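For reference, the structure is listed below as structure tokens.
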Amino acid sequence: MTRFFLTTAIDYVNSRPHLGTAYEKITADVIARYKRLCGVDTYFLMGNDEHSQNVFRKAAEEGLSPLAYCDRMEQEFRDTWRHLNLSFDDFIRTTQPRHKAGVTALAKRIYDAGDIYEGVYEGWYCVGCEAFKQEKDLVDGKCPLHLTTPQWIKEKNYFFRLAKYQQPLLDHFAAHPEFLQPAMRRNEILRLLEGGLEDISVSRAGQAWGIPLPFDAASVVYVWFDALINYASAVGLGSDQQMFDRWWPADLHIIGKDITRFHAVIWPAMLMSAGVALPRQVFGHGFITFNGQRMSKSLGTAIDPFEAASRFGPDPLRLYLVKEIAFGGDGDFSWTRYDERYNVDLANNLGNLVSRVTAMADRYRQGRLLPTGAGSDRLVRLGEQVAADYRHSMDAYALHEGAAAAYRLIDGTNEFIAATSPWALAKDPGAADRLTQVLFDAAEAIRLAAVLLTPIMPTASAEILRRVGGSSDGLCLDRDGRWRNNGERGLVQEGSLWPRKEQTIVTDNPTPPPSTQHPAPSISEAATPRISIDDFMKVELRVAKVLAAERVPKSRRLIKVQVDVGTEQRTLVAGIAEAYEPEALVGRSVVIVFNLQPATLMGIESNGMVLAASPDGGKPTLVSFEDPPPPGTRVR
RNA sequence: GCCGGAGUAGCUCAGUUGGUGAGAGCACGCGUCUCAUAAGCGCGGGGUCGGCGGUUCGAAUCCGCCCUCCGGCACCA
């Protein structure tokens, strides 16, 4: 294989990228750079997913046309990616003409294959639940929650015959065990496939923001169907056959583990139907947490990759994410750990190693080194072993092991210097040749390690190569990734590559962004349409005192509370069990929505709603009073 | 409750298809060199590999049950 087509998931443009998104792109970039280092003609694709209703709404909230909003977000994404030194060859947007051409072409092929049928999305619809109900969910033909007979609803829709591809997909998984990685994800999907598939809806009626179906312009392609096709449309499906022939099929889709099903089931089925070759491999990477917590904007646990890369530059961040996290598994990021790894891996080991070797070369040999004999057996063997291990690991996308291999050589070189003590040799006139060779060996080991680290730390590696007298132009692993014991080297001694960071000045406590730049709530609040006082007065808020509370059986969130609202007692159900024990609620005064339509939750009728602040991804906090007024008091 | 993931040294984690007395980094203690960014190198302490059973000549690794933590789903009026 002389060419390699690599993709990452395209990103929703609802918000700016966080470190988790950046992680995916960085690992993909490392793979792309590794392939290029191997002399493989590489096409690395990234992009944005713009046809979502959320985007449409968000743009409207900000008073922008959807496209103008997407243009702006593209700049934000590109700025971030540039800051991380990502070497993508192409950046696709799903609003581009080439993508529309690709979607149209693929949809038509699937349609012509007879795998898209016009149907009605029909089923029992419970008005109370605002949801479709499966036959099996009904009890005596009635909604078990509302005890009402649901309506039979029909909605025009187009379906893709996904179910038809159950067996072909199973066959494909059997024939290509490498198709989905890591293995655990494959097992999950196999179990899902064995359980059978259902046809899926691929269109939405009555929406303008999207790509019209080629066979029915009144409907647009459903966003997922649309998005997946980007991988093919970017390389010319439906617009540039020559390019498509050159790059398709994709060699590797790097995606997050949460969207494995789309890439390992729906996407290959679509391609099978259209008679297009399947991608060779899908790799589902893990998630990055911040101090063990899921990244969330409102909790202050979303790390801005821009900020992280600004701390020491992009290379240290890239090294951290690649070396410290087993690729495929989940990983954690914290500022203290980031600083620690920076000091250990970069300042103490690699950076200091470059300093000591260039300093000695300068001091003892005026920076000129020419081999005087054979290289150190031990170090040469280590270098060659490391280079081989590195290749095996990187070829298997065990990126963390590839980084570790390079570091074994760095550590080994520090040990080598301690063992050979060049400063002692320098005092012995009879050891002149020996000293030259020792320094040459050390410089060569650094050169080799820098070559291996090039995909991970492109800028720093080039700088190291310059300092130890190696070239960084047009690197080729076959040629430059092996031990050399020839040629004069000119070493240059300059300032520290990575000065030690003596103290941590950033905190790892979740820090919600300062209110001045708190984009999440402030923007959405400002953007929400204002309501009149009359609208608000429709909502009747009242003080209620909790008389009794108990956990709803088999529920994780729900607590059933009996409250006194002044004029009567009521039963309501509140989703606060994760934050409150029922006993702790009794006697408390809370605020409820008094005039809310009743609803049935887990079989219990709730007459009202208990107010609580509900942070995104956090636990609710009840609205309470310093000095509780009597039950029934109106709140306004 | 259902479905996943995880539980290995004080901390963060590696441990390919079960097999040499269980590892790395950080932190800690001791020693040592002086070329270097108070960095490097060497030695050391410290672990019932969540618990209990089972398969096996042999299990951190496979199987069963249980405990704990974290996600996702169902309820979130």
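Order of the sequence lines fixes the chain letters, A, B, ..., with proteins taken first and strands second; residue numbering starts at 1 for each chain. As the structure is a computational prediction, the values presented were derived from the model and not from experiment.
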| message | Taking the C1' atom in each of C62(B) and G19(B), what is the distance between them to the nearest angstrom? | response | 14 Å
Please produce a list of atom pairs where a protein N or O lies less than 3.5 Å from an N or O of nucleotides 26-28 of chain B.
residue, atom, partner, partner atom, Å
C26(B), O4', E340(A), OE2, 3.4
C26(B), O2', E340(A), OE1, 3.4

| query | Taking for each residue the nucleotide of RNA chain B with the nearest heavy atom, is it G351(A) or S421(A) whose nucleotide lies nearer the 5' end? | reply | S421(A)
| If we take the C1' atom in both C11(B) and G47(B), what is their distance in whole Å? | 14 Å
| query | On a whole-Å scale, what distance lies between the P atoms belonging to C3(B) and C65(B)? | reply | 11 Å
| OP1, OP2 of C75(B) versus side-chain N and O of R557(A): anything below 4.0 Å? | no
| Pair assignment for RNA chain B - dot-bracket with | for other-strand partners, Watson-Crick or G-U under 3.5 Å | (((((((..((((.....[...)))).(((((.......))))).....(((((..]....))))))))))))....
| message | Taking any heavy-atom pair under 4.0 Å as a contact, classify S496(A): base, sugar-phosphate, or nothing. | response | base
| said: With nearest nucleotide decided by heavy atoms, which residue, H400(A) or I410(A), maps closer to the 5′ end of RNA chain B? | reply: H400(A)
| query | Is Y364(A) touching bases, backbone alone, or none of the nucleic acid, heavy atoms closer than 4.0 Å? | reply | sugar-phosphate
| Between the side chains of T571(A) and Q562(A), is a donor N or O closer than 3.5 angstrom to an acceptor N or O? | yes
| task | Calculate the interatomic distance between I325(A) atom CD1 and G15(B) atom P; express it in whole Å. | result | 13 Å
| field | Test item: Q281(A) side-chain N/O and E178(A) main-chain N/O as donor-acceptor pair under 3.5 Å | value | yes
| If you measure only the distance, is there a donor-acceptor pair under 3.5 Å linking the side chains of R365(A) and T436(A)? | yes
| Nearest to the side chain of W423(A), which nucleotide is it out of A77(B), C35(B), A36(B)? | C35(B)
| request: Starting at atom NZ of K323(A), determine the distance to atom C1' of G25(B), rounded to an integer number of angstrom. | output: 7 Å
| CG of D330(A) versus P of G7(B): gap in Å, rounded? | 11 Å
| query | C1' atom, G50(B) versus U8(B): distance in rounded Å? | reply | 10 Å
| said: Do R500(A) and N352(A) pair up side chain to side chain, a donor and an acceptor below 3.5 Å, judged on atom types alone? | reply: no
| message | Mind checking if A347(A) touches a base, just sugar-phosphate, or nothing, with heavy atoms under 4.0 Å? | response | base
| Base, sugar-phosphate, or nothing: which does N414(A) touch, judged by heavy atoms less than 4.0 Å apart? | sugar-phosphate
| said: Students often get this wrong, so: under 4.0 angstrom with heavy atoms, is V552(A) touching a base, only sugar-phosphate, or nothing? | reply: nothing
| field | Out of C75(B), U37(B), C41(B), whichever nucleotide has its closest atom nearest the side chain of N352(A) | value | U37(B)
| message | With a 6.0 Å cut-off (strictly less than), is the heavy-atom count around CD of E488(A), excluding the residue itself, greater than 12? | response | yes
| task | Keeping to residues at least two apart or across chains, list the ring pair (Phe, Tyr, Trp, His ring centres under 6.0 Å) pairs with something in residues 386-425 of chain A. | result | Y34(A)-Y390(A)
| Quantified in whole Å, what is the P atom distance between nucleotide G54(B) and nucleotide A60(B)? | 15 Å
| Contact class for G608(A) (heavy atom, under 4.0 Å): base, sugar-phosphate, or nothing? | sugar-phosphate
| message | In this structure, is the centre-to-centre distance between the rings of F312(A) and Y338(A) below 6.0 Å? | response | yes
| Contact class for P422(A) vs. all strands (heavy atom < 4.0 Å): base, sugar-phosphate, or nothing? | nothing
| field | P spacing across the pair U68(B) / A77(B), given as an integer number of angstrom | value | 27 Å
| said: Any donor-acceptor pair under 3.5 Å linking the side-chain atoms of Q437(A) with those of D441(A)? | reply: yes
| request: Could you give me the CA-CA distance, side-chain angles and deciding distance for Q385(A) and D389(A), then say whether side-chain hydrogen bond (donor to acceptor under 3.5 Å, both in side chains) is met? | output: CA-CA 6 Å; Q385(A) 182 63 50; D389(A) 291 349; 2.9 Å; yes
| query | Once you round it to whole Å, what is the distance between C1' of G25(B) and CG of N343(A)? | reply | 13 Å
| task | Between G42(B), A36(B), A77(B), spot the one nearest the side chain of L596(A), thanks. | result | A77(B)
| said: Say we look at A9(B) and G4(B): how far apart would their C1' atoms be, to the nearest angstrom? | reply: 29 Å
| field | Inter-nucleotide P distance (U20(B), U34(B)), Å rounded | value | 41 Å
| said: Please classify the nucleic acid contact of L497(A) as base, sugar-phosphate, or nothing, using heavy-atom distances under 4.0 Å. | reply: base
| said: I'd like to know if the side chain of R542(A) reaches the main chain of F594(A), judged simply by a donor and an acceptor atom lying under 3.5 Å from each other, with no hydrogens or angles considered. | reply: no
| query | Does a sphere of radius 6.0 Å around CZ in R341(A) hold more than 12 heavy atoms from other residues, nucleotides or ligands, not counting ones at 6.0 Å or beyond? | reply | yes
| query | Contact class for M360(A) vs. all strands (heavy atom < 4.0 Å): base, sugar-phosphate, or nothing? | reply | base
